[in-house]
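Here is the structure we will look at.
Quick note on labels: first sequence line is chain A, next is B, and so on, each numbered from 1.
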Protein chains: 2
Amino acid sequence: MSLGTGYDQQGCYLARALEVVGERWTLLIVRDCFYGVRRFTDLREHLDISRAVLTARLDTLMTAGVLRREVSDGHPEYVLTEAGRALWPVVYLLTKWGEQYTSGPHPARVYSHADCDTDVDDVGHCASCGYTPDPADLIVRPGSGPNAMRRDDRVARALAEPHRILTPLEISS
Amino acid sequence: MSLGTGYDQQGCYLARALEVVGERWTLLIVRDCFYGVRRFTDLREHLDISRAVLTARLDTLMTAGVLRREVSDGHPEYVLTEAGRALWPVVYLLTKWGEQYTSGPHPARVYSHADCDTDVDDVGHCASCGYTPDPADLIVRPGSGPNAMRRDDRVARALAEPHRILTPLEISS
DNA sequence: AGCGTTGGTCTGATGAACAGACTGGGTGTG
DNA sequence: CACACCCAGTCTGTTCATCAGACCAACGCT
C-alpha cells in the first residue's frame, strides 16, 4: 500500500488513515508501543511477525510520522510521536469493541487511572475524576478472565505486572 | 484471514477485532453503511472494489455479526446490526485522525447534531447538548475544503446533499 | 580470535487482491 | 413470447503481499 496501490479516494480521510494504520499488524505494533515495547526483537517476538514485514511496517509508520526511531546505547528504539499517541482512543475503542462483540466477556486487560486508581469505562472515561485521562496516566494490568495471558514470551511475562502505559517496559533477557 | 491465518493471539481482543474489521476495505464498507449505502452495486461503485473481494468482505462482516442481509423487493440490502453500529466511534475517530495527521487540514465532511444543528467536535461530542449523540442523530455534509468531493459516482453525488447517518441514501439510477 | 545477540536483508513458496469475463435470475419492452 | 438489460454474484489468470527460514553485518563479551 501507500505506493499507488492504496485506496484511491484522496478526498476521504478515513481512507488516508487506513493507508497508515489499516495494514495487517500495524495497529498491533502501535498497541505494543503504547505498552512500552520499543525494540525490534521484542516486537517481533511478542507479535510473531516475520522480520521482513515488521521492517516494512516500522518504515511506513515512521514515514507517516507515527513512530520515531531513536538510537539509545547502540540499539534502535521505536517510540510513538504525538501523532502516534493520538491513536490511543482508536486502539482502546477497538479493543473494547472486540471485548464486547467477539465471543467472550472477560477483559484480557484492565485499564485504570493512575491518579485516582479507578478503572476507566468503555470509552476511556474516569468516573471519579470526570474526564478522560491521557494514555500516559493509565495503568494496564491483566484481567482475571480465562482469556488473560494466553501467550508466554518475554513481553507477555513483563505485562503480567501492572504497568504504566507509554513508559518503557522492563523485559528480562 | 479468519481461516487460521489470523493473528494468532487469542488472548487479545484487539487482535480479535482486527480479524473482523482490520482487513483491507472492511472499515470503508462499514463507513458507507453508516452513510446509508445498502446495495452491492452501490458499494462496489463507490469504493472501486472488485466484486470478488466485496463478496468476501460482506461474508465475513455478516458472519461476524456486523452486517445483516435483508432482501427487500427482490434485492439484497446490507444493514448494520447493533454490533456494526457500535463501530461508529472507531470510524469517526480514525477519520478525524486522518484529517489531523495526514497532510491537509480541510475536513472532507462535517458532522452535526440533528437535534440542535451544532457541529460535533473531534471526539464526536455536541457542545450545546453536552453529550455525544448517537450516529443516527448526526447529519453529514460535505466540507468546504478542496478535498471535498473528489470522486464522482452515483453515491458520491448523493452524499453531496446533507444526509442523516444510518438512513438509506437515495441513489439516482 | 571466536561466539552470541541484535537488527536487519534476501529468497523461494504460498496466499490474497485485482481486472475483467462469465452466469443466472428477475424486470421491463416491443 | 423474445429480447435486452440490470443486479448480484462467481470464475479465471495475473500481479502483489506475506510467510518461513536462511543469510549477513555490526557490536559486545570472554
Side-chain angles (χ1 to χ4, degrees), chain A residues 1-9 15 18-29 32-33 37-62 67-79 153-155 168-169 171-173, chain B residues 1-9 15 18-20 22-29 32-33 37-62 67-79 153-155 168 171-173:
Chain A
M1 222 161 326
S2 81
L3 323 154
T5 40
Y7 312 99
D8 222 15
Q9 336 197 157
L18 289 173
E19 294 223 349
V20 178
V21 297
E23 287 178 305
R24 200 163 151 71
W25 298 114
T26 311
L27 265 188
L28 291 170
I29 293 169
D32 271 15
C33 291
V37 182
R38 302 182 154 206
R39 301 264 295 260
F40 188 93
T41 308
D42 297 334
L43 287 167
R44 170 172 154 56
E45 188 174 346
H46 188 226
L47 297 174
D48 249 330
I49 180 178
S50 98
R51 296 162 185 283
V53 175
L54 180 54
T55 308
R57 290 300 175 274
L58 291 172
D59 280 350
T60 58
L61 285 172
M62 283 188 295
L67 291 182
R68 186 177 44 243
R69 188 173 194 263
E70 290 178 358
V71 179
S72 96
D73 74 283
H75 294 293
E77 299 201 330
Y78 299 92
V79 303
D153 51 64
R154 283 158 40 245
V155 173
L169 195 59
I171 295 167
S172 62
S173 58
Chain B
M1 218 160 329
S2 79
L3 323 152
T5 40
Y7 311 100
D8 221 15
Q9 335 198 157
L18 289 173
E19 293 223 348
V20 178
E23 286 177 306
R24 200 163 153 69
W25 299 114
T26 312
L27 265 188
L28 291 169
I29 293 170
D32 271 15
C33 292
V37 182
R38 300 182 156 207
R39 301 263 294 261
F40 188 91
T41 308
D42 297 335
L43 286 167
R44 171 175 151 56
E45 188 173 346
H46 188 227
L47 296 174
D48 248 331
I49 180 179
S50 99
R51 296 162 186 282
V53 175
L54 180 54
T55 308
R57 290 301 176 273
L58 291 173
D59 281 349
T60 57
L61 285 172
M62 284 188 295
L67 290 182
R68 185 177 45 243
R69 189 173 192 263
E70 290 177 359
V71 179
S72 96
D73 73 284
H75 294 293
E77 299 201 331
Y78 299 93
V79 302
D153 50 64
R154 283 157 43 243
V155 173
I171 294 169
S172 63
S173 59

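- Going from atom CD of B/Glu19 over to atom P of C/dA16 covers 12 Å, rounded to whole Å.
- Distance CG/A/Asp32 to CG/A/Leu27: 11.5 Å, rounded to 0.5 Å.
- Rounded to a whole Å, the CG atom of A/Leu43 is 13 Å from the P atom of C/dT6.
- Atom-to-atom, CD of A/Glu45 to P of C/dT6 comes out at 9 Å; the value is rounded to the nearest Å.
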Return all side-chain donor-acceptor pairs below 3.5 angstrom for residues 68-78 of chain A, not counting sequence neighbours, or 'none' if the list is empty.
| unit_1 | atom_1 | unit_2 | atom_2 | d |
| --- | --- | --- | --- | --- |
| A/Arg68 | NE | A/Glu70 | OE2 | 3.2 |
| A/Arg69 | NE | A/Tyr78 | OH | 3.3 |

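- Note on B/Trp25: a side-chain N or O is less than 4.0 Å away from OP1 or OP2 of C/dC18.
- At whole-Å resolution of the value, CD1 in A/Ile49 and P in D/dA20 are 10 Å apart.
- For B/Asp153, the side-chain hydrogen bond (donor to acceptor under 3.5 Å, both in side chains) partners are B/Arg151, not counting sequence neighbours.
- Remark: C1' of C/dC18 and CD of B/Glu23 are 16 Å apart, rounded to the nearest angstrom.
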Legend entry - B/S/- contact track for nucleotides 7-14 of chain C, protein heavy atom under 4.0 Å: BBBB----
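- Computed from coordinates, the B/Arg57 CZ to D/dA8 C1' distance equals 18 Å when rounded to whole Å.
- Atoms CG and OG1, from B/Leu67 and B/Thr60 in turn, are 9.0 Å apart once rounded to the nearest 0.5 Å.
- Side-chain N or O atoms of B/Thr55 include one that pairs as donor or acceptor with a backbone N or O of B/Arg51 at under 3.5 Å.
- If you take CG of B/Leu54 and P of D/dC7, they are 14 Å apart, rounded to a whole angstrom.
- Atom C1' of nucleotide C/dA17 and atom CG of B/Asp48 are separated by 14 Å, given to the nearest angstrom.
- With hydrogens and angles ignored, the 3.5 Å screen pairs a side-chain donor or acceptor of A/Arg154 with a backbone N or O of A/Ser172.
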